[in-house]
Undergrad: 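Supplied in structure tokens, the structure appears directly below.
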Amino acid sequence: MGLRNRGTGKGTKANENLTPPPSPGRGNFKPKTNSPPPSPGGGSYFEHELTMAVTTRTAKLVSNFEYEFGGPVGALLTTILLPVVTVLLTSWASLGRVDLDGVTDPDVLCPGCDEEEGRLTLLRCAAAVVGWFLFQVLLERFLPCEIVEGGVLKGGPNEHGERRLKYRINGHLAFWATLLFVEVGWPSMAQVGQVTRRGPPPRTVLQFGRAPLGLLYDYHAELAVATVVLCVVLSSYLYLRSHYRPGLLLAEGGNSGNPLYDFFMGRELNPRWGSFDWKEFCELRPGLIGWALLNVAMAVKQQEKLGYVTGSMALVNVFQFMYVWDALYQERAILTTMDITTDGFGFMLCFGDLAWVPFTYSLQARYLVDHDPHLGWPALGAVIVTNALGYSIFRGANGQKDAFRRNPSDPKVSHLTYLQTERGTRLLTSGWWGMARKINYTGDWIMGLSWCLLCGAGSIVPYYYAIYFAILLVHRSIRDDHMCQAKYGRDWDEYKRIVPYRFIPGVV
Ligand code: NDP
């Protein structure tokens, strides 16, 4: 299809007809295989893919394999280092400073492991982590939900012949149900009545009330260790399962044949038990909701310790609560992200979702319990402005792309210019996306920086997030750039010529 509208196109009806249905457009890209190029009609690429047998596909992928993350050595080092860093960060946030001695201290790396009572505590924490996970599974299974279809499966139908998967979308409801449960639904046994000579004996009754959230502060490090163990168990199961179930749809990037690398990247694209999707569930529920809950727990603890909640603690809770709420409210948007459409579900995502996000993203709140800088209103005001700036860029850019991809004639976006690609989809070249190719990442990072600023300048520990997130976003932008280059070819070169900056217009 040679009809292309470069640079100045408007969302007219005629142009709309050139665009394939929205869901295959976003998040699906041309794999780095030897497959013949798709004909430019958009849908035919998927038709072509659907005809490939799973075994043939696998063999091709292995022979052309391109490693990421430093290959097997990088994957092994990351698998070992990330859990260590997670546990160290929880310890450093508690101390309020970087303590390099902790790196070799078994009591820091595995708190309580060297004594019987400590090991018992760890077991209880492991039970709590599993209980939390199962509680979220129950919510996912039994709360009302909307059934939404994901994009066309990359690489063809799965072992059940499905071309698209259906997802239960109720994360937002699960979030509020969880908050309601910890506020008024936590069960406990209480004694009612008093011992008197004549009256009835005291009775033990079941009552419901507020959960003892302060315990999440008391056993923060132990819970982190228990979660890491859960992640290792879960990703080992997923890796083994991917070998023993025939005909599974494998992730292109996690099928190198090297066990260490594949364990890290994830072999199976969409591991499921029936309609329960492990990857989509873990991406948003236990970890993300757990992050918000840990923050609330830290505020509860600060209230217990100081008798009040500080401005920084309140704001970090509000900002991060909004971030989590936003992700869950927009749950269906995750179905088109790289994580769902492209990456396998291995240790990288499993650990990232379940351990890294809740325990390290809540580090500012953890730090503030014991090391609050007691910022004055001018400083808090400046942080609010920084956060609002980041939020408007982040939401503005993501919302603009989403609205445009859903309906280019929408009056909110119909004035924007775009590049009509041969692949059929359109790349925005004005508005937020005309300023920089990854301006949404910039907004996200500025928001993250504002969370760190709430902790003052007393320690670098709470700034870990801004540092780590900058590295993640730069790396992710490079990955996405490679993928877009592969799927758009010359169109991507043209887009980069029209929008030369990656993060900050005129700078970088
Ligand atoms: P993007 O939302 O930037 O999506 C990238 C895709 O969008 C590209 O592959 C391409 O796909 C499409 N695209 C690129 N340029 C254009 C354009 N000009 N016009 C229209 N479509 C375009 O990436 P992510 O999914 O990585 O991130 C989504 C959000 O999540 C970001 O704001 C990010 O900051 C945030 N995030 C947060 C993380 C955290 O840990 N807090 C981790 C990762 C992300 P196609 O053309 O095929 O549709």
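Start at 1 and go down the list; that is how both ligands and their atoms are numbered. Keep in mind that this is a model prediction, so the values were computed, not measured.
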Undergrad: Would you please test Y495 and W492 for ring pair (Phe, Tyr, Trp, His ring centres under 6.0 Å) and show each step?
TA: CA-CA 5 Å; Y495 173 57; W492 192 248; 5.0 Å; yes
Undergrad: For ligand 1, indicate whether the residue L428 contacts it via side chain, backbone, both or neither (heavy-atom separation under 4.0 Å).
TA: both
Undergrad: With R272 as the cation and Y167 as the aromatic partner, state whether NZ or CZ is under 6.0 Å from the six-membered ring centre and within 45° of the axis.
TA: yes
Undergrad: Compute the ring centroids of F469 and W451, then answer whether they are less than 6.0 Å apart.
TA: no
Undergrad: Listed by chain and number, what are the ring pair (Phe, Tyr, Trp, His ring centres under 6.0 Å) partners of H475, not counting sequence neighbours?
TA: F69
Undergrad: With a heavy-atom distance limit of 4.0 Å, tell me whether V357 approaches ligand 1 through its side chain, its backbone, both, or neither.
TA: neither
Undergrad: Mark up the atoms of ligand 1 that fall under 4.0 Å of a heavy atom belonging to F394, in ascending order.
TA: 32 (O)
Undergrad: What do the steps show when you test W325 against F175 for ring pair (Phe, Tyr, Trp, His ring centres under 6.0 Å), and what is the final call?
TA: CA-CA 8 Å; W325 174 84; F175 180 51; 8.4 Å; no
Undergrad: Heavy-atom pairs closer than 4.0 Å: do any link ligand 1 to the side chain of R476, the backbone, both, or neither?
TA: side chain
Undergrad: Which bit of N440 gets closer than 4.0 Å to ligand 1, counting heavy atoms only: side chain, backbone, both or neither?
TA: both
Undergrad: With heavy atoms only and a cut-off of under 4.0 Å, state how R426 meets ligand 1: side chain, backbone, both or neither.
TA: backbone
Undergrad: Could you tell me whether Y441 and ligand 1 have an N or O pair separated by under 3.5 Å?
TA: yes
Undergrad: Can the ring centroids of Y323 and Y361 be said to lie less than 6.0 angstrom from one another?
TA: no
Undergrad: Please determine if W433 has a nitrogen or oxygen closer than 3.5 Å to a nitrogen or oxygen of ligand 1.
TA: no
Undergrad: Considering residues at least two apart in sequence or located in another chain, which fulfil the salt bridge (charged side-chain N to carboxylate O under 4.0 Å, His left out) criterion with R502?
TA: none
Undergrad: For atom 45 (P) of ligand 1, which candidate among Y495, Y488, Y361, Y468 holds the nearest heavy atom?
TA: Y488
Undergrad: Does R405 have a heavy atom less than 4.0 Å from any atom of ligand 1?
TA: yes
